[in-house]
S.K.: 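Once you've had a glance at the structure underneath, I'll fire off some questions.
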Protein chains: 2
Amino acid sequence: MKLLTCSFRWLTSLFLVVAFQAHSQSTQTYTYPPSEVVTIHSKVLNEERKVYVHCPKVDSADVNKRFPVVYLMDGDNHFALLAQYADYLSRPDVLAMPKIIIIGISNTKRTRDLTPTNSLLNYEGKPDSSSYKGSGGNENFLQFIATELMPMINKNYKTEPYKIFAGHSFGGLSSLNCLLTHPDLFDAYIAVSPSLWWNNEYLLRMTDEKLKTGSALNKMFFYSDGNEGGSNSFFHKNLLKLDATLAKKKLKGLDYLYKHYPTETHMTEPVVAYFDALRFIFKDWGKHR
Amino acid sequence: MKLLTCSFRWLTSLFLVVAFQAHSQSTQTYTYPPSEVVTIHSKVLNEERKVYVHCPKVDSADVNKRFPVVYLMDGDNHFALLAQYADYLSRPDVLAMPKIIIIGISNTKRTRDLTPTNSLLNYEGKPDSSSYKGSGGNENFLQFIATELMPMINKNYKTEPYKIFAGHSFGGLSSLNCLLTHPDLFDAYIAVSPSLWWNNEYLLRMTDEKLKTGSALNKMFFYSDGNEGGSNSFFHKNLLKLDATLAKKKLKGLDYLYKHYPTETHMTEPVVAYFDALRFIFKDWGKHR
């Protein structure tokens with residue numbers, strides 16, 4: 001009987017230890033600000049398209065407020081990052097930009113959608129039929145955005161007219177192509193390391209042809225490159241050419257910024273470049289409040 | 001009957017429209033990489049403490065892998081940002097750093113925990129009894145981390161020994177205080193705009209006293225400031241003093257980097273500074289793979 005009492009006591013204290021541990025440490029799921037995945041059918045592209053949508057948290061004072069929108073290419077890569085920047089930089093104790101909506105467009109056929117011409121030439125100007133087959137669908141992709149995606153977003157979310165188009169690499173190429181061919185689609189353009197080598201520097205030539213010296217282009221434009229083969233790389237040389245062309249054109253109303261990140265790779269650059277791009281685009285925002 | 005047929009036809013086509021819309025657009029919840037909120041009881045601090053935990057996604061090849069850990073102060077402010085950086089920068093197509101675990105420590109009494117001395121002086125050296133009452137608990141806070149938080153994290157998550165301590169403002173002060181008083185607790189230290197003004201520049205004096213010229217300190221240390229009142233601000237002057245002191249000391253093994261961000265505010269700076277700090281700390285990581 002004594003043994004039993006002892007055991008019972010031991011069991012009781014064991015139970016207490018377990019209970020105390022359970023009390024001293026508890027685990028719950030961390031809740032991120034909610035985002036949505038919206039799938040729409042595109043008649044233009046004849047396929048289902050998936051976009052990620054992140055809206056600002058709205059308090060009672062903001063119930064009727066509407067928000068600028070970022071349309072971001074390569075949504076699978078950089079949507080969560082930009083959603084994070086948008087939330088943090090618009091916090092009441094940071095106030096570096098307004099609350100904005102981020103739309104991250106997920107890829108289906110990336111090369112088709114984000115290249116302005118059909119070309120099989122690689123970055124050295126040599127034929128590469130396997131990688132670039134079906135390229136040249138950027139005009140269609142921009143039509144999808146203008147006639148299908150934007151109306152759906154404007155219908156379902158509290159958008160204001162101000163819109164930003166953002167892309168990296170082929171996405172940067174697409175952003176510049178939109179600025180040249182449909183400048184009215186967006187108010188600001190971001191091209192992080194645009195692949196200006198595409199089709200023997202097709203877009204560099206178009207930039208020079210389409211933009212008439214001294215003409216008006218009331219837009220903001222941020223473009224950048226990283227260390228993509230050193231200071232003699234075709235990436236860096238092409239971005240310098242773009243920068244020189246824009247300087248030469250003296251466009252009225254164009255507010256542009258070129259940033260070179262010599263310590264960043266092609267893939268790390270977007271982290272800092274998207275931050276700098278948002279800071280640039282909203283640099284005067286605080287002054288109007 | 002004809003009317004009924006018509007109505008029926010109209011109803012049918014309405015149904016088709018609704019069905020088509022339902023088909024052409026669907027919405028789901030976006031899934032962020034999961035994180036946890038762990039609450040533990042601290043005997044040292046005599047209170048419940050909440051920490052946010054983000055672990056890397058592990059594929060079958062990584063099942064037995066262990067990961068470095070970032071202990072981040074002001075977890076409520078910057079945890080989601082660092083979790084995002086950790087995920088993105090360790091992706092197979094980015095590979096700028098290893099997969100790491102982020103521990104974001106949520107605040108209870110911030111001034112108590114993150115200041116090294118009891119002081120009621122504000123940044124101008126004038127008494128401010130309301131804001132800084134109860135300050136000076138950093139040693140206790142570091143004991144909580146060393147004797148309660150770290151053992152709990154090591155027990156429950158796949159940690160490797162390499163650890164980083166990261167903080168902003170008072171959190172930066174706390175990071176430098178730890179480097180001076182318990183350097184062995186972490187392998188690398190991040191101090192984003194540390195509040196070196198604290199208590200008549202107490203930590204600047206301690207830095208000069210505690211670090212013996214030519215002694216060994218095998219650590220990495222990143223510190224920075226933004227535009228916090230211009231180039232003549234006490235923030236910038238103090239950071240320059242810290243930088244000059246470390247240069248003078250010629251410490252063996254200390255790998256340090258000072259970054260000044262003249263275009264960033266006290267609150268926007270952490271976004272780019274934490275990115276640069278991680279890039280700095282893992283700058284040689286790729287070379288060893």
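Proteins come first, then strands; the chains are lettered A, B, ... in the order of their sequence lines, and each starts at number 1.
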S.K.: Side chain, backbone, both or neither: which part of Arg91(A) has a non-hydrogen atom closer than 4.5 Å to chain B?
M.R.: side chain
S.K.: Between chain B and each of Glu264(A), His266(A), Lys50(A), Lys283(A), count heavy-atom pairs under 4.5 Å; write down the option with the most.
M.R.: Glu264(A)
S.K.: Checking Pro33(B) against chain A: side chain, backbone, both or neither under 4.5 Å from a heavy atom?
M.R.: backbone
S.K.: When you look at OH of Tyr123(B), are more than 12 heavy atoms from neighbouring residues, nucleotides or ligands closer to it than 6.0 Å?
M.R.: no
S.K.: Verify whether the ring centers belonging to Tyr30(A) and Phe79(B) lie closer than 6.0 Å.
M.R.: yes
S.K.: Check the pair Leu89(A), Val271(B) against side-chain contact (heavy atoms from CB on, under 4.5 Å), reporting the backbone distance first and the verdict last.
M.R.: CA-CA 9 Å; Leu89(A) 294 172; Val271(B) 181; 4.3 Å; yes
S.K.: Select one option (side chain, backbone, both, neither) describing which atoms of Thr263(B) are under 4.5 Å from chain A's heavy atoms.
M.R.: backbone
S.K.: Could you state the interatomic distance from OG1 (Thr29(A)) to OH (Tyr32(B)), rounded to the nearest 0.5 Å?
M.R.: 15.5 Å
S.K.: First locate atom CG of Asp87(A), then atom CG of Leu81(B), and finally report the distance between them rounded to the nearest 0.5 Å.
M.R.: 11.0 Å
S.K.: Can you tell which part of His54(B) gets under 4.5 Å to a heavy atom of chain A, answering side chain, backbone, both or neither?
M.R.: side chain
S.K.: Can you confirm whether the side chains of His78(A) and Tyr88(B) place a donor and an acceptor under 3.5 Å from each other?
M.R.: yes
S.K.: Using non-hydrogen atoms only, which part of Arg279(B) is less than 4.5 Å away from chain A: side chain, backbone, both, or neither?
M.R.: side chain
S.K.: Under the side-chain contact (heavy atoms from CB on, under 4.5 Å) criterion, do Thr27(B) and Val37(A) qualify, and how do the steps go?
M.R.: CA-CA 6 Å; Thr27(B) 302; Val37(A) 186; over 6 Å; no
S.K.: Where do Met267(B) and Asp93(A) come nearest, in terms of heavy atoms and distance?
M.R.: CG-O, 3.2 Å
S.K.: For Gln84(B), is it the side chain, the backbone, both or neither that has a heavy atom under 4.5 Å from a heavy atom of chain A?
M.R.: side chain
S.K.: Kindly compute the distance separating CD (Gln28(A)) from CD (Glu36(B)), expressed to the nearest 0.5 Å.
M.R.: 10.5 Å
